[in-house]
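Working notes for the structure below.
Below, all heavy atoms of this structure are taken into account, side chains as well, without hydrogens, waters or symmetry copies.
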Amino acid sequence: MRITVIGQGYVGLTISVFASKHHEVVGFDLNAKVITELNKGISHIEGVASNDLKEAISGGNYKATIDASKIAGSEIVVIAVPTPLDTKRKPDLTFIDSACKVIGENLIGPALIINESTSYPGTIRNFIKPEIEKYSKQKFDHEYAISPERVDPGRADYNQKNTPRLYAGLTPEATKRTREFYSTFCDNLVEVSSPEVAEAAKLFENTFRQVNIALVNELAQISHALGIDVRETLDAAGTKPYGFMKFSPSAGVGGHCIPVDPSYLADVAEKAGVQATFIQRANKVNLDMPKYIVGRVEKDNGGSLKGKKVLVVGVAYKPNVADTRETPAELLINALEKLGAVVTWNDPVVGSWQGKNSAALGGADIAVVVTKHDVVPVAEILKSAPYVFDTTGKVKGAVQL
Ligand SMILES: NC(=O)c1ccc[n+]([C@@H]2O[C@H](COP(=O)([O-])OP(=O)(O)OC[C@H]3O[C@@H](n4cnc5c(N)ncnc54)[C@H](O)[C@@H]3O)[C@@H](O)[C@H]2O)c1
């Protein structure tokens with residue numbers, strides 16, 4: 001089949017390279033630099049090996065482009081563009097809308113349009129379909145479906161082949177064609193009765209994580225106040241073989257999913273007259289974690305951080321990836337600077353971030369570990385400052401969250 005994937009980021013490139021083993025794939029993106037690199041076989045995404053990309057290119061089954069006219073004869077168009085929050089932390093469908101525009105203006109002939117981007121229930125039916133129809137110069141009988149993406153960047157045990165995939169079309173024909181497409185490279189397809197169920201399930205998966213992470217972050221604060229080791233408490237609770245799932249405390253949540261997706265559910269809930277109180281509370285607890293941590297560090301260091309050299313260790317939002325989207329390190333750095341600390345950061349995986357390069361691991365008065373990458377040795381972290389505060393539970397010998 002001739003497939004176009006709109007957006008060549010974490011989700012779009014991953015799906016493109018997998019699908020290219022069976023189909024002819026055009027990867028469309030607005031970012032010219034990314035497209036040039038991709039066509040040279042250089043992947044910018046963890047989890048997509050440059051060798052796999054090169055293989056797809058040399059086999060003639062993958063081509064990246066910024067030329068929207070290449071969308072024209074696609075049988076299937078997959079949408080994989082960002083769905084962030086706006087400044088008021090409300091759903092921002094600007095990228096979805098721009099994808100609809102480029103599809104509407106360039107797609108010729110009826111096709112199956114599948115959304116893999118995360119959004120609230122009703123997006124494919126009430127937003128994507130009407131927007132594409134609005135932008136189309138001619139009337140085509142496109143089919144529409146949803147199959148939310150579950151990729152976890154940097155994860156080796158689950159991939160496109162063995163991760164169960166939810167899907168549903170707006171019509172039985174769309175559902176059938178969606179099943180045919182994904183069954184060429186995914187072993188476990190789960191059909192649900194409507195696109196809204198698939199859209200809601202995706203949001204709830206990440207809301208489940210967001211709320212549980214907030215709960216365990218609250219437990220970390222309670223445990224500290226009571227003089228109890230939170231991680232030992234969690235290990236102890238984790239020995240129960242049923243009815244308990246272990247989450248770990250941290251500096252907060254990051255990435256494009258956990259801090260963002262629950263607010264899509266909260267927004268649609270509020271529009272339907274239901275207050276999403278758990279989600280709002282969990283957001284607040286997670287967003288306040290950096291302030292809580294800075295408060296602890298300040299107290300341990302004589303009640304003032306003014307002029308202190310503070311090194312933040314690890315600014316990626318999770319270990320062993322270079323992704324800094326929504327990283328709690330940013331809030332932590334802001335909170336430290338507000339108290340007059342002189343802040344630098346070390347993260348060899350990220351390298352450069354916000355116009356600055358990773359600093360040396362050492363020479364600080366205080367180090368705060370936000371993310372512990374495998375390549376950064378514990379002994380080096382412990383040597384980097386006389387006082388080390390660890391939010392990860394991986395730096396034994398440091399002051400623990
Ligand atoms: N990253 C993840 O782990 C993950 C997992 C599951 C679901 N999702 C969801 O998948 C969607 C995409 O996320 P991502 O992480 O791949 O984002 P990303 O930022 O890595 O990539 C998105 C790409 O889309 C491109 N783009 C934006 N508008 C475009 C347009 N109109 N036409 C063509 N290209 C356009 C951008 O240039 C960018 O390269 C989001 O809805 C996200 O919530 C992400």
Side-chain angles (χ1 to χ4, degrees), residues 33 44-46 84 153-154 213 217 220-221 224 231 248-256 258-259 286-401:
K33 189 168 169 272
H44 63 301
I45 298 297
E46 283 110 1
I213 291 167
N217 279 337
Q221 298 178 40
H224 178 71
R231 292 185 194 272
S248 297
S250 60
V253 289
H256 187 12
I258 315 283
N286 288 331
L287 287 168
D288 282 350
M289 275 312 277
K291 254 193 273 165
Y292 167 76
I293 290 160
V294 170
R296 292 253 317 258
V297 172
E298 186 186 33
K299 200 165 168 224
D300 287 353
N301 284 276
S304 172
L305 295 177
K306 206 162 189 324
K308 294 259 165 59
K309 283 188 273 172
V310 182
L311 178 72
V312 173
V313 180
V315 296
Y317 84 89
K318 69 174 184 176
N320 308 322
V321 301
D323 195 345
T324 53
R325 291 179 294 180
E326 309 280 332
T327 174
E330 185 169 356
L331 295 177
L332 191 104
I333 290 170
N334 291 345
L336 288 165
E337 284 177 342
K338 224 170 156 187
L339 295 177
V342 181
V343 186
T344 53
W345 56 268
N346 168 275
D347 192 320
V349 178
V350 169
S352 66
W353 175 56
Q354 295 186 329
K356 289 187 183 145
N357 291 332
S358 172
L361 188 61
D365 301 318
I366 294 167
V368 183
V369 187
V370 171
T371 301
K372 164 71 181 72
H373 298 301
D374 290 349
V375 294
V376 182
V378 167
E380 297 296 312
I381 295 174
L382 289 171
K383 273 195 283 177
S384 66
Y387 172 93
V388 181
F389 187 96
D390 177 30
T391 70
T392 69
K394 291 180 182 163
V395 185
K396 303 284 173 253
V399 176
Q400 294 297 315
L401 177 60

Checklist entry - Checking side chain to side chain donor-acceptor pair (under 3.5 Å) for the pair Y387/D300: CA distance, chi angles, key distance, verdict? => result CA-CA 9 Å; Y387 172 93; D300 287 353; 2.6 Å; yes
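- Here L332 contributes atom CG and M289 contributes atom CE; the two are 10.5 Å apart, rounded to the nearest 0.5 Å.
- With contacts defined as side-chain heavy-atom distances shorter than 4.5 Å, the pair H256/E326 does not qualify.
- Atom-to-atom distance recorded for S248:OG and K394:NZ is 9.0 Å, nearest 0.5 angstrom.
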Checklist entry - So S352 and N357, side-chain contact (heavy atoms from CB on, under 4.5 Å) or not? Walk me through it. => result CA-CA 4 Å; S352 66; N357 291 332; 3.1 Å; yes
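- When every heavy atom of V297 is checked against every heavy atom of I366, the shortest pair comes out as CG1-CG2, 3.8 Å.
- Closest non-hydrogen pair, V294 versus A335, comes out as CG2-CB, 3.8 Å.
- Of the possible polar contacts, one joining the K372 side chain to the V376 backbone as a donor-acceptor pair under 3.5 Å is found.
- Between atom CG of residue L311 and atom CG of residue L336 there is a gap of 10.5 Å, rounded to the nearest 0.5 Å.
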Next on the checklist: One pair to check against side-chain contact (heavy atoms from CB on, under 4.5 Å): L331 and K291. What are the steps and the verdict?
Outcome noted: CA-CA 8 Å; L331 295 177; K291 254 193 273 165; over 6 Å; no
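- Inter-residue side-chain proximity for E330 and Y317 is flagged as unmet; no heavy-atom pair is nearer than 4.5 Å.
- Heavy atoms only, all atoms of each residue included: T371 and P319 are closest at CG2-N, 3.5 Å.
- Here the CD-CG distance, from E380 to N346, works out to 10.0 Å after rounding to the nearest 0.5 Å.
- Counting only heavy atoms from C-beta outward, the side chains of N286 and P259 never approach each other to under 4.5 Å.
- With T327 contributing its side chain and T324 its backbone, the two residues share no donor-acceptor pair below 3.5 Å.
- Checked by atom type and distance alone, the side chain of K396 pairs as donor or acceptor with a backbone atom of G393 at under 3.5 Å.
- Shortest non-hydrogen contact noted between A316 and D347 is N-OD2, 3.0 Å.
- At least one side-chain heavy atom of V313 sits under 4.5 Å from a side-chain heavy atom of L361.
- Using a distance-only test at 3.5 Å, with no hydrogens or angles considered, a donor-acceptor pair links the side chain of N320 to the main chain of D374.
- Here the closest heavy-atom approach between residue V253 and residue P328 is recorded as O-CD, 3.8 Å.
- Using a 4.5 Å heavy-atom cutoff, the side chains of V369 and V388 are in contact.
- The structure places CZ of R296 at 9.5 Å from CD of Q400, a figure rounded to the nearest 0.5 Å.
- With K308 contributing its side chain and S304 its backbone, the two residues share a donor-acceptor pair below 3.5 Å.
- A donor-acceptor contact shorter than 3.5 Å is absent between the side chain of E337 and the backbone of V343.
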Next on the checklist: Applying side-chain contact (heavy atoms from CB on, under 4.5 Å) to T392 and S250, what does each step give before you reach the verdict?
Outcome noted: CA-CA 6 Å; T392 69; S250 60; over 6 Å; no
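- The two atoms that bring P249 and N217 nearest to each other are CA-OD1, 3.2 Å, heavy atoms only.
- Contact annotation: the side chain of F389 approaches that of L401 to within less than 4.5 Å [non-hydrogen atoms, C-beta and beyond].
- For the atom pair NE2 of H373 and CD1 of I381, the computed distance is 9.5 Å after rounding to the nearest 0.5 Å.
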